[in-house]
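Everything numeric in this text was worked out from a predicted model, so none of it was measured. By convention in this document, chain letters (A, B, ...) are assigned in the order of the sequence lines, proteins followed by strands, and residues within each chain are numbered from 1.
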There are 4 protein chains.
Amino acid sequence: MCQQPEPTTKAAKKQNSILTNAMMVFAKEGFRNTDVQIIADLAGVGKGTVYRHFGNKEQLFLATAKFCVERMSDYARRKVLQDQEIPNLIEANGVPQLLRKIMLACAEYYQKHPQSIEIMIQERAEFRESVYPTHLMFREENRSGLDGIMQAGIDRGELRAINVMQASDAFTDLLFGCMISGCLQGQKGKLVERVESAIDLLLNGLVATDQPSKT
Amino acid sequence: MCQQPEPTTKAAKKQNSILTNAMMVFAKEGFRNTDVQIIADLAGVGKGTVYRHFGNKEQLFLATAKFCVERMSDYARRKVLQDQEIPNLIEANGVPQLLRKIMLACAEYYQKHPQSIEIMIQERAEFRESVYPTHLMFREENRSGLDGIMQAGIDRGELRAINVMQASDAFTDLLFGCMISGCLQGQKGKLVERVESAIDLLLNGLVATDQPSKT
Amino acid sequence: MCQQPEPTTKAAKKQNSILTNAMMVFAKEGFRNTDVQIIADLAGVGKGTVYRHFGNKEQLFLATAKFCVERMSDYARRKVLQDQEIPNLIEANGVPQLLRKIMLACAEYYQKHPQSIEIMIQERAEFRESVYPTHLMFREENRSGLDGIMQAGIDRGELRAINVMQASDAFTDLLFGCMISGCLQGQKGKLVERVESAIDLLLNGLVATDQPSKT
Amino acid sequence: MCQQPEPTTKAAKKQNSILTNAMMVFAKEGFRNTDVQIIADLAGVGKGTVYRHFGNKEQLFLATAKFCVERMSDYARRKVLQDQEIPNLIEANGVPQLLRKIMLACAEYYQKHPQSIEIMIQERAEFRESVYPTHLMFREENRSGLDGIMQAGIDRGELRAINVMQASDAFTDLLFGCMISGCLQGQKGKLVERVESAIDLLLNGLVATDQPSKT
DNA sequence: CATGAATGAGTTTTCATTCAT
DNA sequence: TATGAATGAAAACTCATTCAT
């Protein structure tokens, strides 16, 4: 389960090999530090072939970033949905638990593939506003999903009557922050743990709930 | 109030001018994309002078990052403390409010100086684990302060009996995430707003507190 | 006769062209004074091509030095041997005459190609002990030949019972000295003459042979 | 005995210190590789002072070369003459022995101060024909002396009736060759030995003197 | 006179991109 | 279609020389 489907055509296999190796090298060396020749060598193709397939280094990188996000997305979707529909999952888990599962699924993927984190950072660092970052596009696409789940949580009385968009942002920002700052100093292996703790705090809050009585 | 003290000696002024311009250019172009010549030109000095002062491009960048973090730190300290002691502030504001103020002070600085955010991202992207990132060192230095405030909050019954280290991490990760993902697409001007909303959610939680009664 | 065989493949021709021009420029300007761009321009290739073929300036220079020594070696070998075996030559000429011919063949080459002398000096000046100089390697390879001829001379009663290694050294040192100090002030055209005179003196000695009778 | 007289005035001492350190650095690093700053630092003066005294790097180097040759010359003169006149020395030693002593005195100096050899090579490599090399000027100045001694040797029947100029050249060329090629591979300590053997061969010749009997 | 900070011309080297085979 | 040799623009860095203090 949770395996990537293998590409079938020969051309697709070659593309896949290039992207896989590009991911490794870009993650290890950074975008500017990466020599396309190295990627071509690792993929076992000529440099010209890389350019034929992806146009230029920038597009190769962006394709790599997209590749990473899609793999993450696939992984999380399979992991969370497991062939069920969102409403069923809400019913079965309750919204808070479902939100937790979604975040943890993402964290799990990134913990297994820390290269994806590097790619994401490289993309942000190199392309800033000039290219709409792949992972933000991913977030945008999935925002409505997250927003919908949150709204359901409010409707079901499981969540406070918060602003769903702000809450979605807080969720993803928190995930981001954990990934970027938390994966240094050998902490890469503890990403899931860190995200879990952070999400629990976000769900339940830091302030003592019997606080009002104090007033 | 909240102004940087100006450097007095001539040499310090020159260093300051180089760093200020370096900050602008590195933030705009990214580390690898920056030609040191441009910084020298903007600072009104020869390229040799830049190298004389900072050794090489890498050290120039790291000095710039340190410069940014120190300015942020000074700003937040002045803004939050206002010549008072932490215990007094806790007494006067309560812990949740104080935590809010600290985060907002940081957010305010970064909203005013979005270049600092870029510098931070560039540092992470370029130097990864090889150099202990300046902003993480800053965080490390200040962690004990944040931890202490949280502990006081628990002792005072204002915060739940959470793990203070995890909570500190969650706070800073959230701030990070907001800065990095939120400052795109013209949202740089809304950083404070975004952080404010996120911190409120983290403080109060998403889950409805009267939830148990529903069961 | 005594012509270099031309390289056949296209790649070899290009390498040859680069080396030939490198020899000219290095000899004229010196190693440190030479801009690789100039060599590339003269060879009619891009600078990148030069680096592609030779790695860096240092290796380009060392390849040039090797190129020079090999050409000299080929020239001298063809000139002296003329398709005969050493023993035959000894028989036909006698050892002193053969030694003379060898030295003169080398001198002839250097007189025709004074650039080779410059390259040799540059190599010694720039790389000192760090790289085992090309021409010393050449000497080492050919020492045994020279030693053998000398030993034959002693055996045949043509040479005094000298130490053959010391004598070989003296021969080559003398050639060296003539080349380096003698090729200044327009004396380059007289190298053969100078070597010839010096070798004759070395062969026959300066001291009057009827000297003993004076005692 | 054989000590350099110390400079007396303050300015002269400073010049001397600069030259001594320049000799060390130029010999170790080569002319182009040497940073004038290093020399200034070692001499304990400002870089400006070096330029004030010597004009530019080239002139500093040439002054250093001159300094080296003069020290060598002084050393050899003191060592050979020992307060006597040339005619007396000829009378006392005979010409062949005197020539030997002269060469060995030079060799001794260079063996003690191999840096001087490097300086000589650097000068030749860097300045070629453009500047009349210091050591060749030295040779020119002393040629008449050597020529005179040789002529005396011929007149006294100690030397064959050779061409004295050619013989002088052969002597110095041989010394040169020994110095330049012989002082590699840790052989610097054996320079005197090598020169001694070479000079003996040059004096006595390689060809067997009873050769005529063979006819 | 002495100093050493400032300068910028000059060089090496890399690597994205092209295009002839 | 695939290749990889060729290219040259671009950038980091050095250091001889100057000159204000």
Under 3.5 Å, which donor-acceptor pairs do the side chains of residues 25-34 of chain D form with other protein atoms, sequence neighbours left out?
from, atom 1, to, atom 2, distance (Å)
D:Arg32, NH1, C:Asn33, OD1, 3.3
D:Arg32, NH1, D:Glu126, OE2, 3.0
D:Arg32, NH2, C:Asn33, OD1, 2.5
D:Asn33, OD1, C:Arg32, NH2, 2.3
D:Thr34, OG1, D:Gly30, O, 2.6

### Message
B:Val36 vs B:Asn56, test: side chain to side chain contact (heavy atoms under 4.5 Å, CB included). Steps then yes/no.
### Response
CA-CA 9 Å; B:Val36 173; B:Asn56 60 26; over 6 Å; no

### Task
Take atom CG of B:Asp41 and atom C1' of F:dA11, then tell me their distance rounded to the nearest Å.
14 Å

### Task
Measure from CZ on A:Phe54 to C1' on E:dT17 and round the result to the nearest Å.
16 Å

### Message
For Watson-Crick and G-U wobble pairs within 3.5 Å on both distances, what is DNA chain F written in dot-bracket notation, | included for inter-strand pairing?
### Response
.||||||||||||||||||||

### Summary
In whole angstroms, the gap separating P of F:dA5 from CD of C:Gln15 amounts to 12 Å

Quick test: give all pairs of protein nitrogen or oxygen and nucleotides 11-13 of chain E nitrogen or oxygen below 3.5 Å, distance rounded to 0.1 Å.
from, atom 1, to, atom 2, distance (Å)
E:dT12, OP1, C:Thr34, O, 3.0
E:dT12, OP1, C:Lys57, NZ, 2.4
E:dT12, OP2, C:Asp35, OD1, 3.2
E:dT13, OP2, C:Tyr51, OH, 3.2
E:dT13, OP2, C:Lys57, N, 3.2
E:dT13, O4, C:Lys47, NZ, 2.9

### Message
Taking any heavy-atom pair under 4.0 Å as a contact, classify C:Lys14: base, sugar-phosphate, or nothing.
### Response
sugar-phosphate

### Task
For A:Ile39 and F:dG4, give me the distance from atom CD1 to atom C1', rounded to whole Å.
16 Å

Can you give me the N/O atom pairs linking the protein to nucleotides 19-21 of chain E at distances under 3.5 Å, or say none if there are none?
none

### Task
Could you please spell out the steps behind the side chain to side chain contact (heavy atoms under 4.5 Å, CB included) verdict for D:Met23 and D:Cys68?
CA-CA 8 Å; D:Met23 188 174 73; D:Cys68 287; 3.3 Å; yes

### Message
In whole Å, I'd like the distance from the CD atom of A:Glu29 to the C1' atom of E:dT14.
### Response
14 Å

### Query
Please give, in whole Å, the distance from F:dT1 C1' to A:Lys13 NZ?
19 Å

### Query
Can you pull the side chain to side chain donor-acceptor pair (under 3.5 Å) pairs that have at least one residue in residues 36-46 of chain C, sequence neighbours excluded?
C:Gln37-C:Asp41, C:Gln37-C:Lys47

### Query
Can you check side chain to side chain contact (heavy atoms under 4.5 Å, CB included) on D:Ile38 and D:Asn21, steps first, answer last?
CA-CA 9 Å; D:Ile38 305 294; D:Asn21 286 287; over 6 Å; no

### Query
Quick one: ring pair (Phe, Tyr, Trp, His ring centres under 6.0 Å) partners of B:His53, sequence neighbours excluded?
none

### Summary
In this structure, CZ of C:Arg124 is separated from CD1 of C:Ile121 (nearest 0.5 Å) by 11.0 Å

### Message
Just checking C:Phe61 against C:Phe54, ring centres under 6.0 Å apart?
### Response
no

### Task
Compare side-chain N and O positions of C:His53 against OP1 and OP2 of F:dA6 and report whether any pair is under 4.0 Å apart.
yes

### Task
Could you walk me through whether C:Ile119 and C:Phe67 pass the side chain to side chain contact (heavy atoms under 4.5 Å, CB included) test, one step at a time?
CA-CA 10 Å; C:Ile119 298 291; C:Phe67 182 72; over 6 Å; no

### Sidechain N-carboxylate O distance under 4.0 Å for A:Lys66, A:Glu123
no

